[in-house]
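Protein chains get the first letters and strands the later ones, always in sequence-line order, with residue 1 at the start of each.
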Number of protein chains: 2
Amino acid sequence: MKKGITLKDLASRLNMSVSTVSKSLSNDSAISALTKERVKKLADEWNYIPNESARHFKLNKSFTIGLILPDLLDPFFVLAINGVEDIAVEKDYNMTLTQSHEDVKKEEKIANLMISNRVDGVIVAVTKGTVDMSLFQKFKRVGIPVVCIARGVSDATFSYVSANNVDGAAKATEFLIKRGHKRIAHISGPKTLHISQARYQGYENALKKAKFPPTRNW
Amino acid sequence: MKKGITLKDLASRLNMSVSTVSKSLSNDSAISALTKERVKKLADEWNYIPNESARHFKLNKSFTIGLILPDLLDPFFVLAINGVEDIAVEKDYNMTLTQSHEDVKKEEKIANLMISNRVDGVIVAVTKGTVDMSLFQKFKRVGIPVVCIARGVSDATFSYVSANNVDGAAKATEFLIKRGHKRIAHISGPKTLHISQARYQGYENALKKAKFPPTRNW
DNA sequence: CTGTTAGCGCCTTCAT
DNA sequence: ATGAAGGCGCTAACAG
C-alpha cells in the first residue's frame, strides 16, 4: 500500500492546520466558506482519498456488517446475500461474507475473526449443529448486535427474522445499520427499539417517524 | 462498541510494558518462556481480543480482499464467490463482496469505497458496459493489485484469470494474498511475478519454489 | 530479556 | 474562524 495523500499533506500545502482541513472536508459550520473552498479544491486536485482505516480505528467502528452463512451455494442464501449487499452499499457500508460450511468449529473461528475486526453487526444463519448459542452471546458481550435469519434458534434473546426472502435480509441489515448510527449519536434507548418497530410496522420508512416505546423483546 | 480489553490493560495488571505483552502474544523469540506464559494465561482469562482495526491502521493493511461482481445472483459468480471465500478464511483474510449490477456508475462508487477502505487486493468481473479501465488504473496507482476474472478486458496491463471455475477464483485470491505478503516483507520484484508463475505452472505449490523471471506481462 | 519512545491518520475538545 | 494538543490500540526500532 503506497502512502497516499493525507490531511497533513493538504494542510501543509495550504499553510493551515490539519484540524481546519479536517473540518473543512466534513463541512463543519465553524469554517469560512472561502477556506472550505480552497481545501476542497486542492483535495480534489490531489485526489485525496480519506484513510477509512484510520477513521474506523479512531471512531472504533468499522462500517461493515458481517454475514455468516452455512453454505454460499444454497440458492436461498444467495438471495439473502443479495438483499444485504444492496442495502449495505446504499448506506456506504461494507459486507463481509463468510461461510461456516455447516461446521461448528469454523463457525466459531469466523465469529472470533468478526469480533476482532469490530464489525458493527452480524447477520447469521446458524449451522444445523449449532445448539449452543454462547458463541453468539459473545458478540453481545462486546456490544455487537446479532440477528439470526432463516434458521430459528432456541435462545429467545436473539433477534430473529424469519421472512424467507430478500426483504428479510434487507430488514436485518437496516436494523443493524441503524443500531450503529444510534450508538454514534449517543442516543441510548431500549436496544430493541428499531427491530421492534420493524416487527410492528415492517418498513424502513416507518422506522423514521414513530417514537413510541417498544412493548416487548424479540 | 464497548471498549474491550487492550494490551495496556494486560500490561498494567502484569506490571510490565505494553510492548512486552505485545511481543509475548506474537511469540517473539526475545521473550522468556515464563513471561509468555503469564501473559497468555491472563489474556485467555480475560478473554482478550486484539483490536484488528488498530492493527490494520498501524500496518496500513486491511487483510481483506474486495470482490466486485456484476450480479450476485448469477450462478457462475456464486461459484467464484465460493472459491474466494474458502481461500480467504483459510488465510485469515476477509472478503468484502459487492455487486455493480452491470452499472458503471455503481462500479465506480464501489471501487472508490474499496480504495478508501484500503483493501489489499481486488478481484473484479467488469460490467458489460465497462470499456474505460481508468477506474481500475486508480487501484494500481495507489498500489492495490487488481485481477480480472470471467470477462476479459481490453487493457492488457491487467491480470486476468479466465478459468471458468472455482479454481480460477482460488488462484486469483492466492495471488492477491501473496502479493500482500510480499509487500509487507519489502521484497520488491517484478509485479507480475507470481501471476506469471501461475500462468506457467498453474498451481499454488508451484508458486513457492521457482524464482525464474517472468517473461511477459498479462 | 524488557522497557521507552514514537508515530500510523484522523477526529475532537479546548484554546486562541 | 482557526490552531494546538491529545489520544484511539498497536507495532517497531532502539535503548538499556
Do the side chain of [X] and the base of [N] come within less than 3.5 angstrom through a donor-acceptor pair of N or O atoms?
{"X": "Ser22(B)", "N": "dA12(D)", "value": "no"}
{"X": "Lys23(B)", "N": "dG3(C)", "value": "yes"}
{"X": "Lys58(A)", "N": "dC11(C)", "value": "yes"}

If you compare every side-chain N and O of [X] against the phosphate oxygens of [N] (OP1, OP2), does one of them come in below 4.0 Å?
{"X": "Thr35(B)", "N": "dT2(C)", "answer": "yes"}
{"X": "Thr6(B)", "N": "dG9(D)", "answer": "no"}
{"X": "Arg55(A)", "N": "dC11(C)", "answer": "yes"}

Task: Phe63(B)/His56(B) aromatic ring centres below 6.0 Å - done: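 Between His56(B) and Phe63(B), which both carry aromatic rings, the centre distance is below 6.0 Å.
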Please give, in whole Å, the distance from [N] [atom2] to [X] [atom1]?
{"X": "Asp28(A)", "N": "dT2(D)", "atom1": "CG", "atom2": "P", "result": "11 Å"}
{"X": "Leu7(A)", "N": "dA4(D)", "atom1": "CG", "atom2": "C1'", "result": "16 Å"}
{"X": "Lys8(B)", "N": "dG7(D)", "atom1": "NZ", "atom2": "P", "result": "8 Å"}
{"X": "Lys61(A)", "N": "dT12(C)", "atom1": "NZ", "atom2": "P", "result": "13 Å"}
{"X": "Leu59(B)", "N": "dA13(D)", "atom1": "CG", "atom2": "P", "result": "11 Å"}
{"X": "Leu25(B)", "N": "dT2(C)", "atom1": "CG", "atom2": "C1'", "result": "16 Å"}
{"X": "His56(B)", "N": "dT11(D)", "atom1": "NE2", "atom2": "P", "result": "10 Å"}
{"X": "Arg118(A)", "N": "dC8(D)", "atom1": "CZ", "atom2": "P", "result": "14 Å"}

Open item on the list: Please check if the number of heavy atoms outside Glu37(B) that lie under 6.0 Å from its CD is greater than 12.
Closed with: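 12 or below, so no.
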Open item on the list: So that I can tick it off, tell me whether Glu52(A) and Arg55(A) are bridged by a salt bridge, with the cut-off set at under 4.0 angstrom between side-chain N and carboxylate O.
Closed with: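 Yes, Arg55(A) and Glu52(A) are salt-bridged.
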Task: NZ/NE/NH1/NH2 to OD/OE distance under 4.0 Å, Asp92(B) and Lys109(A) - done: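 Salt bridge: yes.
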I want to verify a distance call: between [options], whose nearest atom is closest to the [X] side chain?
{"X": "Ser32(A)", "options": "dA1(D), dC10(C), dT2(C)", "value": "dA1(D)"}
{"X": "Ser17(A)", "options": "dA4(D), dA12(D), dG9(C)", "value": "dA4(D)"}
{"X": "Asn51(B)", "options": "dC11(C), dC10(D), dG3(D)", "value": "dC10(D)"}
{"X": "Tyr48(A)", "options": "dG3(D), dA12(D), dC10(C)", "value": "dC10(C)"}
{"X": "Phe57(B)", "options": "dC10(C), dA4(D), dG9(D)", "value": "dG9(D)"}

TODO: Return the 5'-most residue of the pair Lys36(B), Pro50(A) with respect to DNA chain C, ranking by each residue's nearest nucleotide.
DONE: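 The residue whose closest nucleotide sits nearer the 5' end is Lys36(B).
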Task: Atom pair CZ/OG1 of Arg118(A) and Thr64(A) - distance to nearest 0.5 Å - done: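 Between atom CZ of Arg118(A) and atom OG1 of Thr64(A) there are 12.5 Å.
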Open item on the list: Need one value for Val18(B): base, sugar-phosphate or nothing, where a base atom within 4.0 Å counts as base even if backbone is also close, heavy atoms only.
Closed with: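 Val18(B): base contact, heavy atoms under 4.0 Å.
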